[in-house]
Q: 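Here it is: the structure, laid out below.
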Amino acid sequence: MQATHTPERLGPSARTPGSRRGSRRRGLTASVLAGALLAAGALAGSVSAAAEVAPADTAAATIVVDGASGGRTYDGVGAISGGGATSRLLLDYPREERAEILDYLFTPGYGASLEMLKVEIGGDTNTTDGSESSHEHVRGEVSCDAGYEWWLMREAVKRNPDITLGALAWGAPGWLGDGEYYSQDTIDYFVDWLDCAAGHGLTIDNVGIRNEREYEAQWVKDYRAALDAAGYTDVRIIASDEAARRGEWPIAVDMANDPELFDAVDLLGNHYSRGPSSATAQALGKPLWISEGGPWSAEWGAGGSSASVPSLINHAYLEGRITGVNFWNLLTAYYDGLSISDAGLMRANTPWSGAYQVQSAIWAVAQTTQFAEPGWQHLDASSGYLDAADTTQGSFVTRKAPRGGDWSTVIETIGAAAPRTVTLSAEGGLKERDLHVWQSTAEDRLVRQPDLRRAADGTYSVTVPANAVVTVTTVSDKGAGKGAAKGLGDAEGGHESAFPFPYENSLADGGPSGQTPYFSQMEGAYEERPCAGDRSGTCLTQVSPQPAISWAAWKKPTGILGDLNWSDYSVGVTAYVPAGGTAEVLGRVSNDAMQPVPNGYGLSLGADGTWSLGRGEPGGRAWLELGTGTLDGGSGGEGAGAGWHDLELSFDQDVITATVDGAQVAEVTDSTWTSGMVGLSGDYAPVQFADLAVGPLRPVATIDDADAAIAYEGDGWTHCSAGARHGDRCPAVTARQLRDAVGGTVSASRDRGDALTVTFDGTQATLTGVAGPRGGTARISIDGNEPVTVSYADRGAVEWRTPVLVDGPHALRFEVASGRSGGWVSVDRVDVAPGGGGTSSVDDQSEGTGQGRLDYHGDGWLSCPGCINRTGLYHSSVTSTTVAGDSVDFRFSGSSVDLYGLRASNQGLATVLVDGVEVGAADFYGRTRVGNQLIWSSPDLGAGEHTLTLVATGQGSESASGTGVNVDRLVVRR
C-alpha cells in the first residue's frame, strides 16, 4: 500500500513556462504529517522501498517497461564545485580551452550534460583542497565579486538554463556569532550570499545547513523564516548533509516528530550512501538525494559494482529511492598531491599548458543525463537487478517523460562476469517504435549502436557487454552526442606541460577571481589590494582578519603554487609586514591539504624584526624551528621588521639557506623534505606580497636550434635565418618572428616523420618554437617515454616543458606529426635547467615506459594519489598490489637506487632484480603504518643505465597479516 505523502515538486521539464524555477510547496497540514508518520510505522523494519522494485528474471533477463507503473520523480545528476577550491585552476585556463571544458560539463547533448551544480559558499578556510574566499570577510563589508563560483554558475546557466543550482557552506568567517556557526549572524550571512547571487542574475534552487556536521533544528527553522522574510520563499532548504548515514537519517526522525521542522526542510540530503535510505525518510514524501557522493575517481568502473559512477546512479534509486545525485567533485582543477587527487569527473589542472583530459566519468554520467530530464518519472516496476540473487551482476533503471510516451532504460553491468542479453517490451502508453542504443565500455565511451527493431512478439533484444553501460531509449539521437573538442589539437588531451620554471610573477594581477593566476589558497583569503608602504599598484594581500569557523583548517593563512617535483631551487618574494604581523615564504611544500601544518620549509619575518627558519614535522601536526634571530642582531623591538622586505629560501640537496634583504641569516642542513612547491603565508593581518621569483640555483643553459647538441633527421628541414635575403626566408614563420628568435634562427619542417633529437644534462628542459601562419602538429617525447602532441595552430610562441627529471643525461625527441598539408612546426631553442650532480627522487605517480619513469605490469596495482592519510607518504600518494607476479620496472641513469615505500602490518615481500638479475628481497612489513620509509638500497652499480625490477611474491613475513607491496618513491644517485 502506498504511503500518504505530500506531492513531489515538478521538475523543470514539467513546469509551465510561466512558473518560477524551484517553486516551493509549503504549509503542510498536521493530518498529512500524521499520515506520513503512520506510513513510517508500517514500513518499519523494511530495508528500503527497493523491495517494491520488480527483480528481473535471472535466466531471461526480461524487462517489462510499464508506463502505467508508479515511481518517484527524477531530480537529476550533478556535481559539486567546492570542498574546497577544487575548481580553482579552471579559471586560469586559456579562454578557448576553458570554454571547451565547460561545454563537456554542462552543455546538453555534448558531455556529462549535468543537470545540477552545487557550489561552496566560501568561508576563508580549508575545506579539503584549499580555501575559497568569503563574500564577507568582515562584518558588514559584502563583496559579491569575491571568488569564482559566481562565474562558474553563470557559465553553467549559459549552457543549460534549466540547471538546478545549490549551495552549501563547509566553514565560515570567524566573526559570525563570535565563532558560533549556528547563530543569527550566519543566517544573515547566507541571506547576503543569496542577494549576491541575485545580483549576478542567478536563481538558487536550494541551500544546505553545513557540510558533514551536526545540525540544530531550531536554527534550521529560523533559517527558513529568514529566507521567507527576505523574499526567498522559492529557495529550498536541504538537510542535513551528514556523511555515510546508511541506516536511519537523523534529520528524518526529527522532521517526523516536529511539524515545523518538516515544513522548513524541503529536501533530504545525505553523503556517501547509496541506500538503503530509512523508512522514516522515505515516508516523509520529500525528495531524497545523495547530496555528495562518488567513487573519488574518474577512471572507468572505479568504486566497483555498486559505487562506480553509472552503478551508483542506478543503485541509489533501487536501494534508497534516491532521486538526485551530486558527485564530488565537478573537476580535478586542483594541484596534484592535494587530498583525493583525480576525484573530478574530468581533469584540468595544468592551465599553463592548456591541456585537459575528458575522462570516462563524463560519459558514464552522460549515459543517464543525455537520455532523461529532471521531471521524468522513475518506473519502479521496470527497474531492478539483472540477477536478484547477485546484485553485482548488473542493474537497470527506467524513467519516462511526463508526456509524449518517451522512455529510457539504463542498464549497467559494472562488476558482471559475462555479457547479458536483455529482452525488453513496452506498454502502458509508452512509445513502441525502434529503440536507440548508446553504449560505454572501458575501451569506448558513448558510442551509438544499431537501433533495436521490435520483433513480431513486440519485444526488443539487446546484449550488454560485461563491465559496460547501455542506454536503450526512444529519445531522438538529435539531442545526444559526444563533444568533439580535444584541447590544443591533441586527440587525448594529453599534451600536459610542466609548471613554468623558472617562474616570475609580480603578484599584481589578480585576474577575474581577484586572485593571482595559479595561486591556490590553502587557508585564509588572498586578494588584490592597493599596495601599502608607499609602493604603487596592487599587491597580493591576506584579507581574512581572524581564524575561521573551520572545517579542516591550516594553522595560518597560506597559498601555494608550482610543481611537486621541484627539488633544488630558490624562491624569493618581496613582502610587506604590517605592524603586529608576520610574513613567510615557503618551499618544498608537498602535503595533503587537510593537514594543519605544511610539509616543507618556511622563512618568516615578524614586525618586531624576529626571523625564523623552520619546517613542518612529518604528519602535518607540528612546526619545528631550525633557526631564529633578529634583524641586524637587534633586540627585536616593535617595528624593527615592519615594512617591505625581501625574503628568500634556497635548497641545494640537504642545505637550506635563508636570506632577508639580501643578507644571509641562516644555513641549516636538513633532509626531511626533498622536493615540493612554493608558498606564501602570514598571519591574520594584512600581509602583502609582490615580485615572486622561483629559479634554478645555476644559470639556465640555452641550446639554439643550430647547436651541435641537436641532431636532425629527414630531408624536409628548413633552417631559417633573419639575415637571409627576402626570397630565401622561411615560409614557416614571419620575418619578425625570425628577428625575435634566439640567434635569429629557427628550424622548421612540415614533412611527416622528420625529427630531431636534443641531448642535454640537467633536470628539466623547455622547448620553444614559433607558430606561423600555417601551423601543424609535433610529437615530443623525453627519454623514450610516451610522446605528447603539441599544436602549432596559433600564431605566437609554442612552449612545451618536460617534467622534472632525474639529474643526469637525457634525450628529447621532436617529430613532425602532420603531413605536408598539415602545416609547419619549428624549433627556436631548448632551455635546460642544470642539476647539481646529486640525488633525485621519483614519485610513484611518475608512470612511463622510458627512463626515469615507473612501468607497472599486472592488473593488481592500485594507485592512491592525494590519499587522505596521516602516514607521511611522499607527495601524499602510494601505488600498491597484493597480486603475486605483479611487477614494476624502473629504468634510470645513475650509480645506485633506493626504494622507499609504505610499511604496515599487512604488507609483504617482493623480489628485487637489477638489470635482470635477482639481487635480494624487499620486506614492507612494519608494526606501525608509515610511508616514505627506506625499504631497500642497491649497492654501487657503477655509473650508467640500469633497470630496477620489483616483483610481488604474494607472500609475507611471519609477522605480516597480508602480502601487499608498494612504491612510494625511488631515489637515484648519479
Q: Please test N349 against Y334 for side-chain contact (heavy atoms from CB on, under 4.5 Å), starting from the C-alpha separation and ending with a verdict.
A: CA-CA 6 Å; N349 68 347; Y334 49 102; 6.0 Å; no
Q: Between the side chain of N785 and the main-chain N/O of I782, is any donor-acceptor distance below 3.5 Å?
A: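 Present.
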Q: Does the side chain of T766 pick up a donor-acceptor pair with the side chain of R801 at under 3.5 Å?
A: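 Yes.
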Q: Any cation-pi pair here, R969 with Y900, using under 6.0 Å and within 45°?
A: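 Because its charged atom sits under 6.0 Å from the ring centre and within 45° of the axis, R969 does stack over Y900.
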Q: Take R752 and E815, measure what side-chain contact (heavy atoms from CB on, under 4.5 Å) needs, and give me the verdict at the end.
A: CA-CA 8 Å; R752 182 190 298 271; E815 184 174 334; 5.9 Å; no
Q: Verify, without hydrogens or angle tests, whether T882 (side chain) and G964 (backbone) share a donor-acceptor contact under 3.5 angstrom.
A: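 Answer holds: no.
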Q: Within a 6.0 Å radius of atom CD on E504, are there more than 12 heavy atoms belonging to other residues, nucleotides or ligands?
A: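 No, not enclosed.
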Q: Decide salt bridge (charged side-chain N to carboxylate O under 4.0 Å, His left out) for R829 and D705; before the verdict, give the C-alpha distance in whole Å, the side-chain angles of both, and the deciding distance to 0.1 Å.
A: CA-CA 5 Å; R829 68 185 187 276; D705 66 294; over 6 Å; no
Q: Could you check if a side-chain atom of R853 sits within less than 4.5 angstrom of a side-chain atom of E847, using non-hydrogen atoms only?
A: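 No; the side chains remain at least 4.5 Å from each other.
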Q: Evaluate the side-chain contact (heavy atoms from CB on, under 4.5 Å) criterion for residues Y856 and V967: first the C-alpha distance (whole Å), next the side-chain angles of each, then the deciding distance (0.1 Å), finally the verdict.
A: CA-CA 10 Å; Y856 295 97; V967 177; 4.1 Å; yes
Q: Just wondering, do S863 and Q845 contact through their side chains at under 4.5 Å, heavy atoms?
A: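 In contact.
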Q: Look at atom CG of D940 and say whether more than 12 heavy atoms of other residues, nucleotides or ligands are closer to it than 6.0 Å.
A: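 Yes - once you tally the heavy atoms of other residues, nucleotides and ligands closer than 6.0 Å, there are more than 12.
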Q: Before accepting this row, confirm whether a basic side-chain N of the pair R347/D336 lies closer than 4.0 Å to the acidic partner's carboxylate O.
A: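 So R347 pairs with D336 through a salt bridge.
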Q: Please round to the nearest 0.5 Å and tell me the distance separating atom CG of L909 and atom CG of D923.
A: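 These two atoms lie 4.5 Å from each other.
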Q: Check this for me, if you would: do R98 and E96 make a salt bridge, where the nitrogen-to-carboxylate-oxygen distance has to be below 4.0 angstrom?
A: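 No.
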Q: I'd like to know if the side chain of W296 and the backbone of G344 have a donor-acceptor N/O pair within less than 3.5 Å.
A: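 No, because the side chain of W296 does not come within donor-acceptor range (under 3.5 Å) of the backbone of G344.
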Q: Run the ring pair (Phe, Tyr, Trp, His ring centres under 6.0 Å) test against Y518 and tell me which residues pass, sequence neighbours left out.
A: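 Partners of Y518 under the ring pair (Phe, Tyr, Trp, His ring centres under 6.0 Å) test: W352, F499.
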Q: Using side chain to side chain donor-acceptor pair (under 3.5 Å) as the criterion, point out the one residue from S841, S675, S590 that pairs with H875.
A: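 Of S841, S675, S590, side chain to side chain donor-acceptor pair (under 3.5 Å) with H875 is met by S675 alone.
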Q: Does V770 offer a backbone N or O that forms a donor-acceptor pair with the side chain of S826 under 3.5 Å?
A: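 The answer is yes, because a donor-acceptor pair under 3.5 Å joins these two groups.
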Q: Between F892 and V972, is there a side-chain heavy-atom distance shorter than 4.5 Å?
A: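 Yes, close enough: below the 4.5 Å cut-off.
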Q: For Y569, what residues pass the ring pair (Phe, Tyr, Trp, His ring centres under 6.0 Å) criterion, not counting sequence neighbours?
A: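 Checked Y569 against ring pair (Phe, Tyr, Trp, His ring centres under 6.0 Å); matches are W566, F651.
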Q: Does the pair R750/D754 count as a salt bridge with the N-to-O cut at 4.0 Å?
A: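 Salt bridge flag = no for D754 with R750.
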Q: Could you verify whether a donor N or O on one side chain and an acceptor N or O on the other, from T86 and N329, lie under 3.5 Å apart?
A: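 On atom types as modelled, these side chains do not qualify, holding no pair under 3.5 Å.
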Q: How far apart are the closest heavy atoms of L738 and S721, and which atoms are they?
A: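 Looking at all heavy atoms of both residues, the closest pair is CD1-O, 3.8 Å.
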Q: Under a plain distance cut-off of 3.5 Å, with no hydrogens placed, do D654 and S671 share a side-chain donor-acceptor pair?
A: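 No, no side-chain donor-acceptor contact under 3.5 Å.
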Q: Any sub-3.5 Å donor-acceptor pair from Q737's side-chain atoms to T734's backbone N or O?
A: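 Between the backbone of T734 and the side chain of Q737 there is a qualifying donor-acceptor contact (under 3.5 Å).
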Q: Using 0.5 Å steps for rounding, measure from the CG atom of L345 to the CG atom of L331.
A: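 If we round to the nearest 0.5 Å, L345:CG and L331:CG are 8.0 Å apart.
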Q: May I ask you to check whether N966 and S880 show a side-chain donor-acceptor distance below 3.5 Å?
A: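 Per modelled atom types, N966 and S880 side chains form no pair under 3.5 Å.
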Q: Rounded to the nearest 0.5 Å, what's the gap from CG on D563 to OG1 on T350? Could you check?
A: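 If I round to the nearest 0.5 Å, the distance is 11.0 Å.
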Q: Does any N or O in the side chain of D783 come within less than 3.5 Å of the main-chain N or O of H810, such that one atom is a donor and the other an acceptor?
A: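 Not a single qualifying donor-acceptor pair exists.
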Q: With respect to L812, which candidate in T757, L767, V832 satisfies the side-chain contact (heavy atoms from CB on, under 4.5 Å) definition?
A: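 Among T757, L767, V832, the one that satisfies the side-chain contact (heavy atoms from CB on, under 4.5 Å) with L812 is L767.
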Q: For Y104 and W363, take the angle between the two ring planes, folded into 0 to 90°, and tell me which bin it lands in: parallel under 30, tilted 30 to 60, perpendicular over 60.
A: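 Plane angle over 60°, so perpendicular.
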Q: Quick one: OG1 on T953 to CG on D886, what's the gap to the nearest 0.5 Å?
A: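 Nearest 0.5 Å value for the OG1-CG distance: 11.5 Å.
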Q: Between atom OG1 of T849 and atom CG of L854, what is the distance when rounded to the nearest 0.5 Å?
A: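 The CG atom of L854 is 11.5 Å from OG1 of T849, to the nearest 0.5 Å.
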Q: Check whether any side-chain heavy atom of S570 lies under 4.5 Å from a side-chain heavy atom of L697, and answer yes or no.
A: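 The answer is yes; the side chains approach within 4.5 Å.
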Q: Can you list everything that forms a ring pair (Phe, Tyr, Trp, His ring centres under 6.0 Å) with H719? Sequence neighbours excluded, please.
A: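 Listed in chain order: Y712.
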Q: Please report the closest heavy-atom contact between R445 and K482, naming both atoms and the distance.
A: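 Where R445 meets K482 most closely, the heavy atoms are O-NZ, 2.8 Å.
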Q: Checking side-chain contact (heavy atoms from CB on, under 4.5 Å) for the pair L934/V971: CA distance, chi angles, key distance, verdict?
A: CA-CA 10 Å; L934 179 61; V971 175; over 6 Å; no
Q: Are the side chain of R588 and the backbone N or O of W673 linked by a donor-acceptor pair below 3.5 Å?
A: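 Between the backbone of W673 and the side chain of R588 there is a qualifying donor-acceptor contact (under 3.5 Å).
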Q: Measure the OG-CG distance between S341 and D129 for me, rounded to the nearest 0.5 Å.
A: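 Going from OG on S341 over to CG on D129, the span is 7.0 Å.
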Q: Going by atom types only, do D704 and T745 share a side-chain donor-acceptor pair under 3.5 Å?
A: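 A donor-acceptor contact under 3.5 Å links the two side chains.
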Q: Is any side-chain N of the basic residue among D915 and R891 closer than 4.0 Å to the acidic one's carboxylate O?
A: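 No, D915 and R891 are not salt-bridged.
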Q: Using 4.0 Å as the upper bound for N to carboxylate O, is an ion pair formed by R973 and D898?
A: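 Yes, this pair counts.
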Q: When you compare the side chain of W861 with that of V888, does any pair of heavy atoms fall below 4.5 Å?
A: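 Yes, close enough: below the 4.5 Å cut-off.
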Q: Is the shortest side-chain heavy-atom distance between S877 and C864 below 4.5 Å?
A: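 They are not in side-chain contact.
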Q: Is there a side-chain contact between D715 and D751, using heavy atoms and a 4.5 Å cut-off?
A: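 Not touching, per the 4.5 Å side-chain cut-off.
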Q: W300 side chain to S440 main-chain N or O, any donor-acceptor pair under 3.5 Å?
A: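 No, the answer is negative, given that no donor and acceptor are paired below the 3.5 Å cut-off.
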Q: Is a donor from one side chain sitting under 3.5 angstrom from an acceptor on the other, for D831 and T702?
A: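 D831 vs T702: donor-acceptor pair found between side chains.
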Q: So, T768 and D828: side-chain donor and acceptor under 3.5 Å apart, yes or no?
A: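 Side-chain D/A pair, T768 to D828: absent.
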Q: Distance alone, cut at 3.5 Å: any donor-acceptor contact between the side chains of D889 and H857?
A: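 Indeed, the side chains of D889 and H857 share at least one donor-acceptor pair under 3.5 Å.
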Q: Indicate the atoms forming the closest heavy-atom contact of T674 with S567, along with that distance.
A: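 Closest heavy-atom pair between T674 and S567: O-OG, 2.9 Å.
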Q: Any idea which heavy atoms bring V965 and A910 closest together, and the distance?
A: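 Of all heavy-atom pairs spanning V965 and A910, the closest is CG1-CB, 3.8 Å.
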Q: Determine the minimum heavy-atom distance between V589 and L564, stating which atoms define it.
A: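 Scanning both residues, the minimum pair turns out to be O-CD2, 3.9 Å.
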Q: So, S846 side chain and V842 main chain: donor-acceptor pair closer than 3.5 Å or not?
A: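 No; judged by distance alone, with no hydrogens or angles, the pair does not exist.
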Q: Between R779 and R813, is there a side-chain heavy-atom distance shorter than 4.5 Å?
A: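 Of all side-chain heavy-atom pairs linking R779 with R813, none is under 4.5 Å.
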Q: Would a distance-only check, ignoring hydrogens and angles, find a side-chain to backbone donor-acceptor pair under 3.5 Å from T963 to Q955?
A: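 Answer holds: no.
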Q: When you compare the side chains of Q653 and T839, does any donor N or O come within less than 3.5 Å of an acceptor on the partner?
A: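 Checked: Q653/T839 side chains pair up, N/O donor to acceptor below 3.5 Å.
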Q: Between A778 and Y792, which heavy-atom pair has the shortest distance, and what is it?
A: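 For A778 and Y792, the tightest heavy-atom pair comes out as CB-CE1, 4.2 Å.
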